[in-house]
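Scroll down for the structure; my scribbles are underneath it.
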Protein chains: 2
Amino acid sequence: MARRLLAPNRRSDTRERILESATILFGTRGFDSVSLDQIAAEVGIAKQSLLYWFASKDDLIQAVLVNMAAELTVVVEAAIRSAPDMPLDRLEAVIHAVFRPAVRRPALLGLLRELSRLPTGAAEHLTEILNPLVTRAGTWLRTEMQAGRLRQGDPSLIIALVYATVAGIATEPEALRVVGWSQDVIGLRKLRNELTSFLRAALAP
Amino acid sequence: MARRLLAPNRRSDTRERILESATILFGTRGFDSVSLDQIAAEVGIAKQSLLYWFASKDDLIQAVLVNMAAELTVVVEAAIRSAPDMPLDRLEAVIHAVFRPAVRRPALLGLLRELSRLPTGAAEHLTEILNPLVTRAGTWLRTEMQAGRLRQGDPSLIIALVYATVAGIATEPEALRVVGWSQDVIGLRKLRNELTSFLRAALAP
DNA sequence: ACGGTTCTCTACCAAATGGTAGACAATCTC
DNA sequence: GAGATTGTCTACCATTTGGTAGAGAACCGT
């Protein structure tokens with residue numbers, strides 16, 4: 001697992017390309033539904049070359065998950081830092097930030113849905129990365145509520161609402177289609193705008 | 001596929017037991033991650049007995065989906081009919097109704113998430129069952145809004161919000177755990193209550 | 001030029017998967 | 001009671017899966 005650290009990687013983006021393809025495939029079709037052969041074919045290499053970079057499928061899954069958590073963290077942290085100071089405006093900025101990767105790479109959030117398919121405890125170390133993010137958002141919301149700049153409520157619900165909406169809708173266009181909704185009825189951008197104005201109405205003090 | 005219609009089924013609940021086990025397993029772990037052997041073992045029969053009742057895995061999946069759609073329809077329709085007349089109260093009643101199967105059988109809603117893993121068009125006939133449900137809810141919300149009994153907004157968002165929250169949270173306890181939330185922080189019942197009061201705040205005229 | 005490292009490949013394997021063929025027992029119909 | 005139907009099973013099969021063994025090419029520092 002630390003092999004990569006010992007060897008100076010000369011010039012090979014293979015590992016990154018594998019991670020990228022694996023993220024998309026795993027996120028859209030699930031861990032169990034995607035074979036190493038398919039990922040390798042997508043990257044354009046042989047399966048055994050893939051197994052050179054990642055010792056096993058589990059290894060690859062772990063790497064993909066850590067990658068995803070790090071990427072989400074960067075996006076959200078940046079949004080929080082650079083957002084305006086008014087709580088509702090900042091909330092909107094964060095929501096926009098969360099929606100952005102969802103729009104461009106729905107697979108990223110699809111990975112979160114895949115966590116339940118892992119053996120128990122297999123994603124434990126993700127907690128270290130994602131928990132601070134959620135905790136920080138929660139304490140910020142609570143502070144604003146106590147300061148009277150947001151209506152009282154449960155910060156956890158706000159976060160859960162945003163997460164569920166983005167993850168649930170962004171990664172499930174098929175479920176929406178089956179229900180009879182086209183992308184016109186509830187496309188991602190429209191959904192984002194509706195959600196923010198909705199939260200504004202619900203949270204204005 | 002019509003074999004069952006020709007033969008009068010004497011006394012055998014095997015088919016129903018298979019459907020029940022398959023619903024739970026498919027809904028929690030996904031179509032591709034569950035083998036016919038596992039389902040058969042859960043029911044307590046041999047795989048070949050399962051294949052006697054359902055000609056193929058695809059057949060079984062289709063049957064499970066139709067079953068799910070019908071069950072959801074019954075629950076929601078009943079809630080709409082027997083709910084009080086005040087729009088916010090009725091909305092709350094419907095939300096409670098949607099949460100009920102999610103609490104007792106999260107797998108039922110988990111099946112909706114699985115739709116995206118099906119080959120394109122494989123779940124087309126589900127539209128006939130589920131679309132009327134969603135359409136009906138949408139027109140009702142719109143009517144109430146136009147009558148001034150609910151604040152103006154996009155009915156689609158309300159429905160999407162409720163669906164995403166229930167489906168996203170109910171069927172993904174693992175994702176919540178990874179983020180660092182225990183069931184205490186955002187258990188289903190608490191979430192349901194928070195969501196309804198939240199919607200009340202946002203939708204009161 | 002040479003020995004070692006890095007990287008990709010072909011060939012192969014054991015296990016699991018969806019599915020078929022058909023035997024056998026219980027039950028129903030007449 | 002005889003024959004057909006219904007339901008469950010054991011045995012088997014072709015394909016796919018994750019993974020191993022090891023050969024060979026390209027590149028490195030010396």
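Letters A, B, ... are given to chains in the order of the sequence lines, protein chains preceding strands, and every chain is numbered from 1.
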Quiz prompt | Check: B/D85 main-chain N/O paired with B/R90 side-chain donor or acceptor under 3.5 Å | solution = no

Quiz prompt | Spacing of A/I45 atom CD1 relative to C/dT6 atom C1', expressed in whole Å | solution = 14 Å

Exercise. Compare side-chain N and O positions of A/S49 against OP1 and OP2 of C/dC9 and report whether any pair is under 4.0 Å apart.
Key: yes

Quiz item: Across the strands shown, which category fits B/S35 at heavy-atom distances under 4.0 angstrom: base, sugar-phosphate, nothing?
Solution: sugar-phosphate

Quiz item: Which nucleotide, C/dC9, C/dG19, C/dC7, lies nearest any side-chain atom of A/A46?
Solution: C/dC9

Quiz prompt | d(CG, B/D37; P, D/dC9) in whole Å | solution = 12 Å

Quiz item: To the side chain of B/K47, which of C/dG18, D/dG18, D/dT8 is closest?
Solution: C/dG18

Quiz item: Taking the side chain of A/Y52 as its heavy atoms from C-beta onward, which of D/dT8, C/dC7, D/dT17 lies nearest to it?
Solution: C/dC7

Quiz item: With a cut-off of 6.0 Å (strictly less than), are more than 12 heavy atoms of other residues, nucleotides or ligands near CD of B/E128?
Solution: no

Quiz item: For the pair made of CZ in A/F54 and P in C/dC7, what is the distance, rounded to whole Å?
Solution: 13 Å

Practice problem: Classify the nucleic acid contact of B/V34 as base, sugar-phosphate or nothing, counting any heavy atom under 4.0 Å across all strands shown. | Solution: sugar-phosphate

Practice problem: Could you tell me whether the phosphate oxygens of D/dT6, OP1 or OP2, come under 4.0 Å of any side-chain nitrogen or oxygen in B/W53? | Solution: no

Quiz item: Can you tell me how far P of C/dG19 sits from CG of B/D58, to the nearest Å?
Solution: 7 Å

Quiz item: CZ of B/F31 versus C1' of C/dG18: gap in Å, rounded?
Solution: 16 Å

Quiz item: Does the C/dG19 base have a donor-acceptor partner in the side chain of B/K57 within less than 3.5 Å?
Solution: no

Practice problem: Could you state the atom-to-atom distance from CG of A/L51 to P of D/dT20 in whole Å? | Solution: 8 Å

Practice problem: Nearest whole angstrom, please: distance from the C1' of C/dT8 to the CG of A/D13. | Solution: 14 Å

Practice problem: Could you please name the option among C/dC7, D/dT20, D/dT17 that lies closest to any side-chain atom of A/Q38? | Solution: D/dT17

Self-check item: Interatomic spacing from CG in B/L199 to CD1 in B/I95 - rounded to 0.5 Å
Solution: 4.5 Å

Exercise. Examine the side chains of A/T127 and A/N131 and answer whether a donor and an acceptor come within less than 3.5 Å of each other.
Key: no

Quiz item: Quick one: B/Q48 CD to D/dA11 C1', roughly how many Å, whole number?
Solution: 9 Å

Quiz item: OP1 or OP2 of C/dC7 sitting under 4.0 Å from any side-chain N/O of A/T14?
Solution: no

Quiz item: Given D/dG19, C/dC7, D/dA11, which nucleotide is nearest the side-chain atoms of A/L36?
Solution: D/dG19

Exercise. Taking A/E114 for its side chain and A/F31 for its backbone only, find out whether a donor-acceptor pair lies under 3.5 Å.
Key: yes

